[in-house]
Amino acid sequence: MVLKLVDVYKYIGGDVILNRAGLEVGEGEIIVVKGRSGVGKTTLAKIASLLVKPDRGSVYFMGRDVTSINDHERSLIRLSKIGYIDQEYRLLPRLRVYENIELPLALLGYPREARWKIIMKVMELLEIKGLENRFPHELSGGQRQRVAIARALVKKPALIVADEPFSNLDEYSAERVLGVFKEMAKDGTAILITTTEMEAEYGATRYYVLKGGRLYVD
Ligand SMILES: Nc1ncnc2c1ncn2[C@@H]1O[C@H](COP(=O)(O)OP(=O)(O)OP(=O)(O)O)[C@@H](O)[C@H]1O
């Protein structure tokens with residue numbers, strides 16, 4: 001199992017957002033969490049990507065209990081093993097597209113030549129080649145979203161957590177991104193996707209619905 005959440009609770013401003021939520025994502029699996037707006041999908045995605053700690057419950061990553069590890073260890077795991085696609089993209093505004101996508105590879109010490117090859121391949125797959133030298137504010141919403149996706153994919157993480165990754169994409173681009181996720185799953189990557197589309201059919205391994213703080217298998 002790549003990721004396992006057990007009896008996770010999260011309280012925000014006195015409200016219980018996650019109420020004994022449990023979830024598993026195995027190697028090569030695509031898991032989709034559906035839920036209406038404001039139900040707690042982003043909160044769940046942040047816990048799944050080790051950005052946020054649950055108030056109660058346990059988080060296991062690659063067989064290890066990571067619930068209480070320190071921030072430094074948490075950052076190292078996130079940098080090397082987890083690709084998080086933020087709903088708001090969070091591209092660095094002063095860096096060009098190429099530099100944004102390059103950042104995780106640079107931090108992981110990939111040599112320049114190898115970085116270039118990997119980045120060009122991923123940009124081609126996501127159909128954003130040619131935008132290398134733009135700044136994030138010079139992109140459309142859908143292009144920004146794909147740059148954020150590219151940045152999460154280049155390091156070939158063990159787990160991808162994608163928080164509403166298709167929300168700004170047209171049908172064609174969404175299909176294309178889903179195709180890339182499926183290829184990565186074939187290579188063993190575990191993928192967790194959230195969506196507000198309650199009828200979504202992504203050819204996933206398993207669907208959950210998040211409701212009242214609980215996750216139900218759909
Ligand atoms: N920092 C915060 N302070 C106060 N309330 C918050 C905070 N972050 C989230 N919430 C609340 O927690 C609940 C869950 O938010 P979350 O962003 O996880 O939902 P979501 O399902 O991802 O929503 P959406 O589909 O609209 O993105 C919401 O009611 C939200 O208002």
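One-based numbering along the sequence shown. Because the structure is a prediction, the values reported are computed rather than measured.
His137 has its side chain out of reach of Pro93: every pair of non-hydrogen atoms, C-beta onward, lies at least 4.5 Å apart.
In terms of modelled atom types and a separation under 3.5 Å, the side chain of Thr205 and the main chain of Ile31 share no donor-acceptor contact. Side chain of Glu102 to main chain of Asn100: no donor-acceptor pair is present (N/O by atom type, distance under 3.5 Å, no hydrogens or angles).
Closest approach of Val66 to Arg74, counting heavy atoms only: O-NH2, 3.4 Å.
The aromatic ring centroids of Tyr202 and Phe181 lie 6.0 Å or more from each other.
Thr189 and Asp187 are not linked by any side-chain donor-acceptor pair at a separation below 3.5 angstrom, with hydrogens and angles left out of the test.
Summarising the local packing, CD of Glu27 is surrounded by 12 or fewer heavy atoms from other residues, nucleotides or ligands at distances under 6.0 Å. The local environment of NZ in Lys81 is sparse, with at most 12 non-hydrogen atoms from other residues, nucleotides or ligands closer than 6.0 Å. Heavy atoms from other residues, nucleotides or ligands lying under 6.0 Å from CZ of Arg214 number more than 12.
Salt bridge status for Lys186 with Glu183: present, with a side-chain N to carboxylate O gap under 4.0 Å. Between Lys41 and Glu164 there is a salt bridge, with a side-chain nitrogen of the basic residue lying less than 4.0 Å from a carboxylate oxygen of the acidic one.
Cation-pi geometry between Lys34 and Tyr207 is met: under 6.0 angstrom from the ring centre, within 45 degrees of the axis.
Both Tyr110 and Leu107 are assigned to one and the same hydrophobic cluster, defined by single-linkage of ILVMFWY side chains at heavy-atom distances under 4.5 Å.
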Q | Trace of the side-chain contact (heavy atoms from CB on, under 4.5 Å) decision for Ile77 with Arg64 | A | CA-CA 11 Å; Ile77 295 177; Arg64 176 178 175 209; 3.8 Å; yes
